[in-house]
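The structure appears right after this line, and notes come after that.
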Amino acid sequence: MTTPSNALRDRCAAPLPHPDAGQMQALGRQAMDWVVRHLATLADQPVGHTGTRAELEALLRCPPPESGRDFAAVLRDFEEKIASHAFRPSHPRFLAFIPSAPSFLSVLGEVLCAGTNFFGSVWLESAAPSQVELLVLDWFKELLGCPASARGVLTAGGSEANLTALVTAREPLSFEERARAVLYVTEQRHWSVDRATRVMGLRPDQVRPVPTDGRYRLRIDALAELIRRDREEGRRPWALVANAGATNTGAVDALAPLGDFCRREQLWFHVDAAYGWVAVLTPEGKALLEGIGAADSLTLDPHKWFGQTFESGCVLVRDGRLLGQTFAMRPEYMQDVEPAEDQVNFADYGIALTRRFRSLKIWLSVQVLGLSWFRRLVEHCCLLAEYGQRLLEEAGCFEFCFVNWRTTAADVEEVVGLLRELGEQLERRTSNVER
Ligand SMILES: Cc1ncc(COP(=O)(O)O)c(C=O)c1O
């Protein structure tokens, strides 16, 4: 008998055409062969090409084809028209901006992530992927010396991490306090901090840039003076954003003294360590970043110096409960995904609901390469930087002003102390002469 439901069942009985196992293998091999050839010949390729909008319109503009085309032909288009008009950020001669050199294991992690497309947002649907994210976050916490109370979430990048951290930092303030809240930011901050303040609806007068010293590090004396004045004028000093690796200058703020200062002044202490955090893997880096684990929140970008493909960021929050208090919501259709006490719905810790299994590529590459590989990566990059410095010194026409890799925070403190003492001596002598 033909019922309405039978008729509908007949109409949708045949699934959409989809490649079978053999076809998937053939297509996958073509794509992976292309990637491997691309990576293996990277050094011999040009660093990249750009193009005008008109050129790219001419090259790529077309209506979406109603019937699909052959994969090999589309892959050829990708090679000839798309890959040919982009820079290769992992090219050995790509020295602009912040280069990116993902390990091949991270690339494979992307393949597995996309191939499974697990929903990395709620425990019920993604128990083991969520556990892997917890594990990776614990690795980072341990490396950085964060307390057990810290929790985090992997984000699309440092911009999202900075925004997530600042929104979390603001959550405990009353609405009255929020209107008077002042955020102090180093002059050397990344501009994503400014964008975060705009997204959060902070007024320009609520964001106070703090001057830096001769090495582009935030001046605590200047910060103290700004806070004193703001308190006097009835404002609510609220949070500080410091750098562990400034984008423009590489400056690392004096994190330990700043952490102590923020605790005394009851300021939320956020450290943007987007690329710098990986330096903790080496003794020199660990010394330079001393105090980082005491931050109230941290921005880390594994896609910068930790060999990961793009869209691999991370935020850690010292009092991890605040993440859930800030972001968790239970709309009706999600009523069945309430996590148990010891489980985590990562969608509760940030802005995105649907999230890919971001921790997979990090887990995979650390498992296969071992942490020692990443330590060597940092050491190798620093050697390259020193070599670059030497070449520039030999060129004789460059001026140098940066925190030397071999200079520890303690060295810097010592020099600052000596300079202060000299200044005081000079002042005493001048006033004696005047008398
Ligand atoms: C110090 C710092 N913070 C934040 C960001 C923003 O990170 P993302 O580009 O991953 O959004 C960058 C990017 O260069 C950075 O260098």
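Hydrogens, waters and symmetry mates play no part in the numbers below; they use all other heavy atoms, side chains included. In this chain, numbering begins with 1 at the start of the sequence shown. A quick note: this is a predicted structure, and the numbers were derived from the prediction, not measured. Both ligands and their constituent atoms are indexed starting at 1 by order of listing.
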| task | Assess Glu160 for proximity to ligand 1: is some non-hydrogen atom of it under 4.0 Å away? | result |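 No; Glu160 lies far enough from ligand 1 that no heavy-atom distance drops under 4.0 Å.
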| query | Under 4.0 angstrom from ligand 1, any heavy atom of Gly245? | reply |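 Yes, Gly245 has a heavy atom closer than 4.0 Å to ligand 1.
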| query | Is the Lys NZ or Arg CZ of Arg264 less than 6.0 Å from the centre of Phe261's six-membered ring, within 45° of the axis? | reply |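 Geometry flag: not set, cation outside 6.0 Å or 45°.
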| task | Check the side chains of Glu80 and Ser84 for a donor-acceptor pair under 3.5 angstrom, ignoring hydrogens and angles. | result |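 Their side chains do not contain a donor-acceptor pair, so the 3.5 Å distance test is not met.
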How far is [atom] from the closest protein heavy atom, and which atom is that?
atom	value
atom 3 (N) of ligand 1	Asp272 OD2, 2.7 Å
atom 8 (P) of ligand 1	Gly158 N, 3.4 Å
atom 16 (O) of ligand 1	Thr247 OG1, 2.8 Å

| task | Please report the closest heavy-atom contact between Leu223 and Leu258, naming both atoms and the distance. | result |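 It is CD2-CD2, 4.2 Å.
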| said: How close do Arg217 and Ala251 get, counting heavy atoms only, and between which atoms? | reply: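 The answer is CG-CB, 4.3 Å.
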| message | Asp348 and salt bridge (Lys or Arg N to Asp or Glu O under 4.0 Å): which single residue from Arg330, Arg355, Arg151 fits? | response |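 By the salt bridge (Lys or Arg N to Asp or Glu O under 4.0 Å) criterion, Asp348 pairs with just one of Arg330, Arg355, Arg151: Arg330.
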| said: Distance check, rounded to the nearest 0.5 Å: Leu60 atom CG versus His85 atom NE2? | reply: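 Rounded to the nearest 0.5 Å, the CG-NE2 separation comes to 8.5 Å.
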Ligand-residue contact atoms, ligand 1 with [X], heavy atoms, under 4.0 Å:
X	answer
Ala274	1 (C), 2 (C), 3 (N), 4 (C), 15 (C)
His303	10 (O)
Ile98	14 (O), 16 (O)
Asp301	7 (O), 8 (P), 10 (O)

| field | For ligand 1, the portion of Ser159 having any non-hydrogen atom under 4.0 Å away | value |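 Ser159 to ligand 1: contacts from backbone and side chain alike.
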| Residue portion contacting ligand 1 (non-hydrogen atoms closer than 4.0 Å) for Lys304 |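 For Lys304, only side-chain atoms sit under 4.0 Å from ligand 1.
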| said: Quick check on ring pair (Phe, Tyr, Trp, His ring centres under 6.0 Å): which of Trp373, Phe140, Tyr275 does Phe306 satisfy it with? | reply: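 Of Trp373, Phe140, Tyr275, ring pair (Phe, Tyr, Trp, His ring centres under 6.0 Å) with Phe306 is met by Phe140 alone.
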| field | Greater than 12 external heavy atoms within 6.0 Å of Arg198's CZ | value |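 Not buried by this count: 12 neighbours or fewer within 6.0 Å.
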